[in-house]
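Sharing a structure, written as structure tokens. Questions coming.
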Amino acid sequence: MKSFTYERAKTPRDAAAAVARTPGAKFLAGGTNLLDLMKLEIETPTHLVDVQDLKLDRIEPTRDGGLRIGAFVTNTHLAADERVRRDYGVLTRAIVAGASGQLRNKATTAGNLLQRTRCPYFYDPNMPCNKRKPGSGCGAFGGFNRNHSVIGGSSLCICAFPSDMAVAMRVLDATVETVRADGSARSIPIADFHRLPGSQLPVGEFALEPGELIVAVTLPKPIGGRHFYQKVRDRSSYAFALVSVAAVIQRDGTGRVAFGGVAPKPWRVEAAEAALPQGAAAVTAAAFAGAAPRPDNAFKLPLATRALASVIAQAKAEAA
Amino acid sequence: MKFDTPAGQNPIDQLKVVGRPTSRVDGPRKTTGTAPYAYERHNVAPNQAYGYILGAGVAKGRIVRMDISEAKAAPGVVAVVTTLDFPAPLPLGLANIAHLFGGAEVAHYHQAIAVVVAETFEQARAASTLIHTEYARAPGKFDLAKEAPDAPLAGGSRGGGSGTPPIDRIGDFAGAFAVAPVKIDRTYTTPGESHAMMEPFATIAAWEGDKLTLWTSNQMIAWSKSSLAKILSVRPENIRLDSPFIGGGFGGKLFVRADAVCAALAAKTARRPVKIAMQRPLMINNATHRPATIQRVQLGANQDGRLTAIAHASTSGNLPDGEPETAVSQTKLFYAAPNRETYMKLARMDLPEGNAMRAPGEAPGLMALEMAMDELAEALNMDPVELRVVNDTQFDPEKPNRPFSERHFVECLRTGAEKFGWSRRNPKPGLVRDGKWLVGMGMAGGFRNNILTKSAARIRLEKGGRLTVETDMTDIGTGTYTILAQTAAEMMGVGLDAVTVVLGDSDFPASAGSGGQWGANNSTAGLYAACLKLREAIAQRLGFNPTDTIFSDGKVTAGGHSVPLADAARGGALVGEDGFDPTDMSKRWQQSTFAAHFVEVAVDSYTGETRIRRMLAVCDAGRILNPKAARSQVIGAMTMGAGAALMEELAVDTRFGLFINHDLAGYEVPVHADIPHQDVIFLDHPDDKSSPMKAKGVGELGLCGVGAAIANAIYNATGVRVRDYPITLDKHLDKLPAIA
């Protein structure tokens, strides 16, 4: 771990300004991902601005009937919130499908959205990785890529975004609220928050400016329906998704669906959702048009279809 | 004590203490944090500095230069030792294939090339990243499938069995197989696996003049003491190892590894004690692993199921001078058939060192053989249990006048079938549904040799009447402390609370050590021999006739006289020291252990995910010294078998030559949620040819056959046969029932 300086900011604006004016500075929230990466010197911040005193740990109703989730609300707290469990069940289910109890107690809402990839080439400094060392190449593209993206990646990076929570946020049309160094606020739709790697270096990751701090994630008013989060993995717990499906399905069979484990961001194609009443294959044919799987992970395409079919079958069974 | 005839009636047969389910005597220490592991022994040597190993960043090549100036100048750094400080690799220790340190050549990825010593762990780790190493990469061979066709035949010394020449032939396999009315000819693959024990390799090393002490985590103290003497060019009598508590080893800690060598070298340079725990990302590529295999099994049978021809060939890879994974061992002995052929091939490769992991040979070998038996049963339209019953043998199939010492495999099969409800299995696969789940049952036979080896111990009757056992035997989490205490208590006629067991110190008599499931039987037999000596000494001091002296209820009784045991030590402590020497007992009788594994699984018909619902193991492993500890061994092994069947795989990057999933996020082992109810039944058949304890090993038997039982259950559930382990969902997804 590289030596670094540390401060605890008092307001979001101060925190943003502190990170913006210090080259190499980063925010520290739960630290479940950042500290691991610092130990491996994959992250080497010179200065950490701790956001725990910013009072961003509340979940409050919004004027238009939604919920505003403070950036520092822990995954455990969010998943257990009665309003979330009642009105946004897909979110609770996604959160508890991820990590472990200990990690969820510490991990925060904003931190979850800002997770780095779990690609093994990213984690081994001897290996090429454009995300860790732009220009070194993508180790996974021609290597071990069973857990990687089948769509949205490029030859520069085919990592998969590891979050479960974010997939549910995407299906709920959440909005990421930020404060910038100059004190101005911004709202970023979750659809735009994670950037695809693209065809130029450095590979894209998050739609944040230097020093821009997430202060909240806002959920629109509840949309009803039955909520599902199906996570498919090699072991029953404590593993990243091979494929996950976050879905909200209405009584008439219409609904929304987003996929995890398949792309560098939560993968949702709104236009494909119209096909939900026709069944899973019709949805995934549209949602994964243009997919470019690698040899190790081509199974994710049929798996996504089958996982969605399982969700649709459950929805039908519950509605009957 | 020479053991050269079957054991007769002896004090162990009383079974007042031995044979009873007994909580581990070290349990309170384990659960109160007072059983320290190697890295936690803060008080054994003052002023400990922290060492951190830097692993090679390439898989093969030469180090052209290393710049350590920045690292040496980093905060807190005490010393930096590099492999280039030594002109050539240090000598190999016992069973080491790649050198552990020294010289410019890199033989495999993450081979240790430097160790940084600093005042704190964090400082040492940070400084290690400031070492700048320039390599001249060399091409290497990393793809077993590519190398296998040209791999030469190889013998192998590990795994037991009845001889391992390059090709073992009995009768005329080719002729018999050609005319067999029913036959199976299939290829199965198993991946490389990692021991993935909880406690990493860890050592504290301290020098006093020429004398070196290592507080370490090692399964085989005597082997490792002599190995370290060789590697470090130190006289054996100047080395002491101490390894009383071990957080898992599974064969990974049978031999000296880089932590011990680097700690010793670094402590010498730093001139103070140095402690090293290997960081998890280095554990997989720096150390050893179970090699991957490609196995071909050919079975020919008559319509009645009797095997007429068995062939098993296994190809694995290893570094130069490495050994093959002995995956054909059990096939030489498990089933009768007049015509047989077994052989191994070994590809010379440049991946990290392949070496022993729990049940080396049998674990992957049975994953192939027992799936092939399931396939044969289906081809015969015969119950898989019955197929195994009709092919049982009471003799070494290669040497018909050499019987098994005890073999109750058929009883394992019958008992298991009954207890598991095997008759409820639908022999036609893919037909049993429970909602979205496809449900299936599978079974497999388990086989693992019982290895006899010398083992010594010392027992002292202290003034006051307590007994202290001393041996360099290790407890790797298996319950050794407890069975040794039980043995001493039984022999000396006292309760467990009168016995103290001290283990893992190389100054103590050399034991069997822990490995190959030989620890329990041999180490207790060694203590049995020592106890006989102590009993003689006590009788002599008391003036009793040794032959009719009885040790019972804390008293010594002979000729109508009875005195408290403690009285014998009034004039000073008495010591008994001796060893168990099994002579040629395992040559005269084939000594093996047997199991039948039964498993029920459910496979998600949509996603292909497998969830195990029930597991049962029925074990025939001689006298069970402590059914509670033995059960823990078997359920742990069944869990490991579940990992092997469903998820564990060292993923090879064939370009860069490493196992790329080198941490516990990438190398998945089962979690609690993967493991259902597990039942274990032990048959009660003491083996008087194994030792005076009449016990045999059980810790590896529990793993042998589990993987195939799970695989066969998956097939019974889905009707899709996957012959490529682990059976992850992607391998059968496209053949599962179509979805609506």
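What you are looking at is a predicted structure, and each value in this text was computed from that prediction instead of being measured. By convention in this document, chain letters (A, B, ...) are assigned in the order of the sequence lines, proteins followed by strands, and residues within each chain are numbered from 1.
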Exercise. Side chain, backbone, both or neither: which part of A/K39 has a heavy atom under 4.5 Å from chain B?
Worked result: both
For this session: Answer with side chain, backbone, both or neither: which region of B/A56 has an atom nearer than 4.5 Å to a non-hydrogen atom of chain A?
Result: backbone
Problem set entry | A/I312, part contacting chain B, at a heavy-atom distance under 4.5 Å | neither
Exercise. Which one of B/E122, B/M647, B/E609 has the most heavy-atom pairs closer than 4.5 Å to chain A?
Worked result: B/E609
Exercise. So, A/R146 and A/D234, do they make that salt bridge, N to O below 4.0 Å?
Worked result: yes
Exercise. What part of B/S605 lies closer than 4.5 angstrom to a heavy atom of chain A: side chain, backbone, both or neither?
Worked result: backbone
For this session: Determine yes or no for a side-chain-to-main-chain donor-acceptor pair under 3.5 angstrom, with B/H289 supplying the side chain and B/I284 the backbone.
Result: no
For this session: Let me know if B/L130 has heavy atoms under 4.5 Å from chain A in its side chain, its backbone, both or neither.
Result: side chain
Exercise. So among A/R256, A/Q250, A/R251, which one has a side chain to side chain contact (heavy atoms under 4.5 Å, CB included) with A/T254?
Worked result: A/Q250
Seminar exercise, completed: The residue among B/Q111, B/R62, B/K60 that forms side-chain hydrogen bond (donor to acceptor under 3.5 Å, both in side chains) with B/E105 is B/R62
For this session: Please look at B/L736 and chain A and tell me whether the side chain, the backbone, both or neither of the residue comes under 4.5 angstrom of a heavy atom of that chain.
Result: both
Exercise. Yes or no on side-chain contact (heavy atoms from CB on, under 4.5 Å) for B/Y725 and B/I710, after CA distance, side-chain angles and deciding distance?
Worked result: CA-CA 11 Å; B/Y725 291 97; B/I710 294 168; over 6 Å; no
Exercise. Picking from B/K731, B/R611, B/K436, B/H672, which has the most non-hydrogen pairs under 4.5 angstrom with chain A?
Worked result: B/R611
Exercise. Checking heavy atoms, do the side chain of A/R118, its backbone, both or neither come under 4.5 Å from chain B?
Worked result: neither
Problem set entry | Engaged part of B/H662 at the chain A interface, taking heavy atoms whose separation is under 4.5 Å | side chain
Problem set entry | Ring-ring centroid check A/F288 A/F259, cutoff 6.0 Å | yes
Problem set entry | A/E43: which of A/R116, A/K131, A/R132 passes salt bridge (Lys or Arg N to Asp or Glu O under 4.0 Å) | A/R116
Problem set entry | Part of B/V669 lying under 4.5 Å from any heavy atom of chain A | both
Seminar exercise, completed: Applying a strict 4.5 Å limit to non-hydrogen atoms, the region of A/T305 in contact with chain B is both
For this session: Flag yes if more than 12 heavy atoms outside B/F121 fall under 6.0 Å of its CZ atom; otherwise flag no.
Result: yes
Problem set entry | Contact leader toward chain B among A/A281, A/S3, A/S310, where contacts are heavy-atom pairs under 4.5 Å | A/S310
For this session: Pick whichever of B/L646, B/I660, B/D604, B/T654 has the most heavy-atom pairs under 4.5 Å with chain A.
Result: B/I660
Exercise. Any side-chain donor paired with an acceptor under 3.5 Å for B/D653 and B/Y109?
Worked result: no
